[in-house]
Amino acid sequence: MSAFIATILLALAVWLVPHFYRQWRIHYRRSQPLTREQLQLLRENLPLYRHLSPGRQRELRSNIALFLHDKAFIGCEGLQVSERMRVTIAAHACLLLLGRKNECYPNLYSLLLYPDTYVAYETRREGYLETARHSAREGEAHYRGPVVLSWGDLEKDLQFPQRGHNVALHEFAHKVDEEDGYFDGRPLFENSDEGATWADVMSREFLRLRRRAEFGEFAGDNPSILDLYGAQSPAEFFAVATESFFTIPSATRALHPELYRELSQFYRIDPAELIAERNSATR
């Protein structure tokens, strides 16, 4: 009997010790302050940061500290990875996690950075037919694997945010999407009460974008600011909508109010309201 109890205790220890060590390590890494240089880079390259409350700023800095320690940044085609690249990408990735329980993309271990748009080898299967080709890309997110980004394209996105594009937000939206095990445009909600209207709203907006992509604008249609790339699939729609939500929030709220509401509830943030409040306070 004592041997049986000892075996049970040993099994529990084998399971519990790694679990508690992982939780302790995550807490410890999050408690490490960013350096003065990293804080300056955060302020310069994530404009929304200055609009956040002090509590949200602390939360974001903690997640960034964990991200920077846990993820390997690998330069490709001769690119030398700088601290600005690391902090900028980490800041946009962690912005998507605010207000939600998370372990900061635990299945992501490395990021591949290219100096500019890169060429990838792509294989597609349709029934018994398989085709292969080379395609130019700004970024990609591999399921349970690395994120690949073009730094040159991200710099352009940061320089011209009014275009509503941000390749880092786009690819990390895919990583958020995969948390439930699928790239399907429906991320993982913390409880069953959340996301009750998600499917209806997202499906309606996705079909609206597909109609625009296939047939163009119809007379009387409400205008849209969403990139037509989002018409490819629900997963791409979620990523494109995330870009617009964070980069041009006021326009997204005005032209896609239901979509904006769903994203605001999921991401626990209202960027359009934050920006409006800060602008009012500085007048």
* Show your reasoning for whether salt bridge (charged side-chain N to carboxylate O under 4.0 Å, His left out) applies to R186 and D180. => CA-CA 8 Å; R186 182 182 176 89; D180 63 351; over 6 Å; no
* To do: Dump the intermediate steps for salt bridge (charged side-chain N to carboxylate O under 4.0 Å, His left out) on E205 and R210, then the final yes or no.
  => CA-CA 9 Å; E205 290 280 356; R210 289 199 72 169; over 6 Å; no
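- With contacts defined as side-chain heavy-atom distances shorter than 4.5 Å, the pair L48/L95 qualifies.
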* Would V147 and L112 satisfy side-chain contact (heavy atoms from CB on, under 4.5 Å), going step by step from the backbone distance to the final call? -> CA-CA 6 Å; V147 167; L112 308 181; over 6 Å; no
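- Counting non-hydrogen atoms of neighbouring residues, nucleotides and ligands closer than 6.0 angstrom, the CZ atom of R144 exceeds 12 such neighbours.
- The shortest non-hydrogen separation linking A173 to A239 is CB-CA, 3.8 Å.
- Partners of E77 according to the side chain to side chain contact (heavy atoms under 4.5 Å, CB included) rule, which considers only residues two or more places apart in sequence or in another chain, are Y114, P115.
- In this structure, A168 and L149 approach most closely via the heavy-atom pair CA-CD2, 4.1 Å.
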* Asked: Run the side-chain contact (heavy atoms from CB on, under 4.5 Å) check on L60 and L52 step by step: do they pass?
  -> CA-CA 9 Å; L60 181 60; L52 300 175; 4.0 Å; yes
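- Between Q32 and H69, the side chains place no donor N or O within less than 3.5 Å of an acceptor N or O (distance only, hydrogens not considered).
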* Mind running side-chain contact (heavy atoms from CB on, under 4.5 Å) on I74 and L113 for me, showing each step along the way? => CA-CA 6 Å; I74 302 169; L113 306 185; over 6 Å; no
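- Other residues, nucleotides and ligands contribute only 12 or fewer heavy atoms inside 6.0 Å of the OH atom of Y182.
- Within 6.0 Å of atom NE2 in H142, more than 12 heavy atoms from other residues, nucleotides or ligands are found, so the atom counts as buried in its surroundings.
- Under the 4.5 Å side-chain criterion, counting only non-hydrogen atoms from C-beta, L97 is in contact with C104.
- Taking each heavy atom of S150 and D116 in turn, the nearest pair found is OG-C, 3.0 Å.
- Separating the OG1 atom in T35 from the CD atom in E83 is a distance of 6.0 Å, to the nearest 0.5 Å.
- Side chain to side chain, Q265 and E194 fail the donor-acceptor criterion of an N or O pair below 3.5 Å.
- No more than 12 heavy atoms of other residues, nucleotides or ligands shown are found within 6.0 angstrom of CZ on R58.
- Between the OG1 atom in T197 and the CD atom in E258 there is a gap of 8.5 Å [rounded to 0.5 Å].
- Side chains of L226 and H256 form a contact here, defined as non-hydrogen atoms less than 4.5 Å apart.
- The side-chain heavy atoms of I89 and K71, taken from C-beta on, include no pair separated by under 4.5 Å.
- For the pair L34 and V87, the minimum side-chain heavy-atom distance is 4.5 Å or more.
- For the residue pair E155 and Q159, no side-chain donor N or O sits within less than 3.5 Å of a side-chain acceptor on the partner.
- Put simply, the side chain of D270 gets close to the backbone of E273: a donor and an acceptor are under 3.5 Å apart.
- Looking only at atom types and distance, the side chain of H174 has no donor-acceptor partner in the side chain of E140 under 3.5 Å away.
- When only modelled atom types and interatomic distance are considered, H170 and E138 share no side-chain donor-acceptor pair under 3.5 Å.
- Nearest heavy-atom pair, L158 versus N45, reported as atom, atom and distance to 0.1 Å: CD2-O, 4.0 Å.
- In this structure, K175 is not positioned above the aromatic face of F172 in the sense of NZ or CZ being under 6.0 Å from the six-membered ring centre and within 45° of the axis.
- Shown here for I275 and P249, the closest heavy-atom pair between the two residues is CD1-CG, 3.9 Å.
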* To do: Test salt bridge (charged side-chain N to carboxylate O under 4.0 Å, His left out) on E171 and R137 and set out the steps.
  => CA-CA 12 Å; E171 301 307 337; R137 299 184 182 179; over 6 Å; no
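- Counting heavy atoms from C-beta outward, L169 and T247 have side chains that approach closer than 4.5 Å.
- Rounding to the nearest 0.5 angstrom, the gap separating the NE2 atom in H51 from the CD1 atom in I269 is 10.5 Å.
- For the pair H165 (side chain) and P161 (backbone), a donor-acceptor distance under 3.5 Å is absent.
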* Does the ring pair (Phe, Tyr, Trp, His ring centres under 6.0 Å) test come out yes or no for F238 and F206, once each step is laid out? -> CA-CA 9 Å; F238 172 60; F206 173 60; over 10 Å; no
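- Residues V201 and Y260 are members of separate hydrophobic clusters, defined by side-chain heavy-atom contacts under 4.5 angstrom among Ile, Leu, Val, Met, Phe, Trp and Tyr.
- Using a 3.5 Å distance cut-off with no hydrogens or angles, the side chains of R56 and Y49 do not pair a donor with an acceptor.
- Counting heavy atoms from C-beta on, the side chains of I225 and T252 come closer than 4.5 Å.
- Put simply, Y118 and L111 are part of two different groups of oily side chains (I, L, V, M, F, W, Y) that touch within less than 4.5 Å, one to the next.
- Hydrophobic cluster membership is shared by Y229 and V176, with clusters built from Ile, Leu, Val, Met, Phe, Trp and Tyr side chains linked at under 4.5 angstrom.
- In terms of hydrophobic clustering, with Ile, Leu, Val, Met, Phe, Trp and Tyr side chains grouped at heavy-atom distances under 4.5 Å, V81 and Y105 are assigned to a common cluster.
- Heavy-atom minimum distance, R100 versus E59: N-OE2, 4.3 Å.
- Criterion: ILVMFWY side-chain heavy atoms under 4.5 Å apart, direct or through other members. Under it, I248 and F160 are not part of a common hydrophobic cluster.
- Between P234 and D184 there is no side-chain heavy-atom pair separated by less than 4.5 Å.
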* To do: Step by step, work out the salt bridge (charged side-chain N to carboxylate O under 4.0 Å, His left out) result for R84 and E44.
  => CA-CA 10 Å; R84 177 172 177 250; E44 292 173 355; 5.8 Å; no
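- Residue F245 holds its CZ atom at 10.0 Å from CG of L96, rounded to the nearest 0.5 Å.
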* Asked: Can you check side-chain contact (heavy atoms from CB on, under 4.5 Å) on T242 and F246, steps first, answer last?
  -> CA-CA 6 Å; T242 295; F246 281 106; 3.9 Å; yes
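- In this structure, CG in L263 is found 4.5 Å from CG in L259, a value given to the nearest 0.5 Å.
- Distance check, rounded to the nearest 0.5 Å: CG of L66 to CZ of R61 gives 15.0 Å.
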